[in-house]
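Report on the following structure.
Since the structure is predicted, the reported quantities are computational estimates derived from the model, not experimental observations. If you read the sequence from its start, that first residue is 1, and numbering goes on from there.
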Amino acid sequence: MLGTAGLVTVLLGAFLPMLDFFIVNVALPTIDHDLVAGPAVLELVAAGYGIAFAVLLVLGGRLGDTYGRRRLFIAGAVLFALTSLACGVAPTAWTLVAARVAQGASAALLLPQVLATITATTSGQQRARALGIYGAVGGISVVIGQVLGGLLVSADLFGSGWRSVFLLNVPFALLTAVLAARFVPESRAQQAAGVDLPGTALLTAALLALFVPLMEGRAVDWPVWTWVSLASFPVFAAAFLRVERKAEREGRVPLVPLSLLEIPEMRRGLGVAVPYFTGFGGFMFVIALTLQNGLHEGPVAAGWALVPMAVGYFSASLAGPRLVSRFGSRVITVGAVVQGLGLVTLIGTALGDWSHFSPLRMLPGVALAGIGQGLVGMPLFRVVLSRVPAERAGVGSGVLATTQQSSLALGVATLGTLFISLVPALGMANALALVLAIQALGSLLIGWLSIRLPRSVG
């Protein structure tokens, strides 16, 4: 069974890779100045990590099922430390891009083992509590990433500048590996399954076809290859589904057993997860741009402006387990409503008097949005994984983690690109209001989908 020290260890292992998804955003201007990167390469510094992370998560979960989740967790933590060191000492922009891709790959080994270990080594209220804390860690890490990134870049520790954003990971990742060897129990699937090479190749091709043009298209002015790549995404996705169905029908073990989607909690929970994480990722990116480009706040001030959101998210996450025990999945419905109210409040603040728009005036809307996001995110992981058998914990966790990271990246790529495109024509206030309105509609969708979730949360 997973004890308290083991739970803290695996949660630290979850915190580090999720933190790094956003911590680099505030460091990009300094990286550009030091390494003369240019916009397209800067996009790759941010996107390379996210793409490698997203496309390899399911494979990472499968490898943990086969070779042992603690073993893969430790290997992932050590590799995350080494690749973070490579990022921190990178001499050129392209070296940094390569190191970021490798860092994303190591994160994909590490993160799926967290949910899989929790699912396989806990039960009952202990599992419910652990998954609730995991949901809180996921949201808090995004906000802390932008706050901490700004502080580290501004502090310029030992003259390291932006490099400290990456170097900070090294001691904590190594500590995570040491603690895991002592406190995390080993677990694996009862029957080892081989790697599904066709499924892995097709899933990788599909996600690359979607994310590379979405993340790079704006920086390179949308050449023909970006549209060809986007058009090929549904082709690769359909081929992947066909190959996976055939493999499962023939008794082989596919990369993503589609029979998992026959579990109502997983199928409907993932349906809620997509708009939730897409909106969350887009919100964080757009607010960061508004603060730094629109209000001309420095990285530290821009980070601190999001503290009310972190406080709201964390407070909701702490209250969440008691609320879920009493009201079940309806907590997610209420959270979607509160998140929508926060977004509408921000829209009114932006359109009411933009000349006095400030982090202080944003506080009510940002805090409400954080509370709503915490009420949705905390129970969501419990819902999705509540009925996944222990022997399929790795692949189930990999599917959920892939959905989470892909949706965060999709929000940045779509809502972020839309916001940047609208600002010249509409102005900062109207562009912000329009994008927030789209996200508010997403909150309505989350609320509607959440009604279809099983009332009782395991």
Nearest 0.5 Å, please: how far is [atom2] in [Y] from [atom1] in [X]?
X      : Y      : atom1 : atom2 : value
Phe80  : Leu85  : CZ    : CG    : 12.5 Å
Ile371 : Leu375 : CD1   : CG    : 7.5 Å
Thr117 : Arg70  : OG1   : CZ    : 10.0 Å
Phe240 : Leu258 : CZ    : CG    : 7.0 Å
Leu208 : Phe236 : CG    : CZ    : 9.0 Å
Thr333 : Leu449 : OG1   : CG    : 10.0 Å

Any heavy-atom pair between the side chains of [Y] and [X] that's under 4.5 Å?
X      : Y      : answer
Phe166 : Asp20  : yes
Leu295 : Pro359 : yes
Val10  : Gln113 : no
Ile332 : Tyr276 : no
Val383 : Val272 : no
Tyr49  : Pro17  : yes
Thr9   : Phe73  : yes
Asn169 : Gln103 : yes

Derivation of the side-chain contact (heavy atoms from CB on, under 4.5 Å) call for Arg330 and Val334: CA-CA 6 Å; Arg330 294 301 170 262; Val334 173; 5.5 Å; no
Measure across [X] and [Y] and return the closest heavy-atom pair with its distance rounded to 0.1 Å.
X      : Y      : result
Arg267 : Leu261 : NH1-O, 2.7 Å
Ser406 : Ala54  : OG-CB, 3.7 Å
Arg452 : Arg268 : O-NH1, 3.0 Å
Ile446 : Gln339 : CD1-NE2, 4.1 Å
Pro257 : Arg62  : CD-NH2, 4.3 Å
Leu109 : Gly76  : CB-CA, 4.1 Å

Trace of the side-chain contact (heavy atoms from CB on, under 4.5 Å) decision for Phe283 with Leu436: CA-CA 8 Å; Phe283 178 85; Leu436 290 177; 4.0 Å; yes
Trace of the side-chain contact (heavy atoms from CB on, under 4.5 Å) decision for Leu96 with Trp162: CA-CA 12 Å; Leu96 179 58; Trp162 57 268; 4.1 Å; yes
Do any N or O atoms from the side chain of [X] and from the backbone of [Y] form a donor-acceptor pair under 3.5 angstrom?
X      : Y      : result
Thr278 : Pro275 : no
Glu244 : Leu255 : yes
Arg71  : Glu186 : no
Ser164 : Leu167 : no

Residue of the set Val344, Val338, Leu346 for which side chain to side chain contact (heavy atoms under 4.5 Å, CB included) holds with Leu368: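 That would be Val338; it is the only one of Val344, Val338, Leu346 passing the side chain to side chain contact (heavy atoms under 4.5 Å, CB included) with Leu368.
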CA sep, side-chain torsions, deciding dist, call: Leu270, Val384, side-chain contact (heavy atoms from CB on, under 4.5 Å): CA-CA 7 Å; Leu270 291 176; Val384 175; 4.1 Å; yes
Greater than 12 external heavy atoms within 6.0 Å of Phe314's CZ: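 Not more than 12 within 6.0 Å, no.
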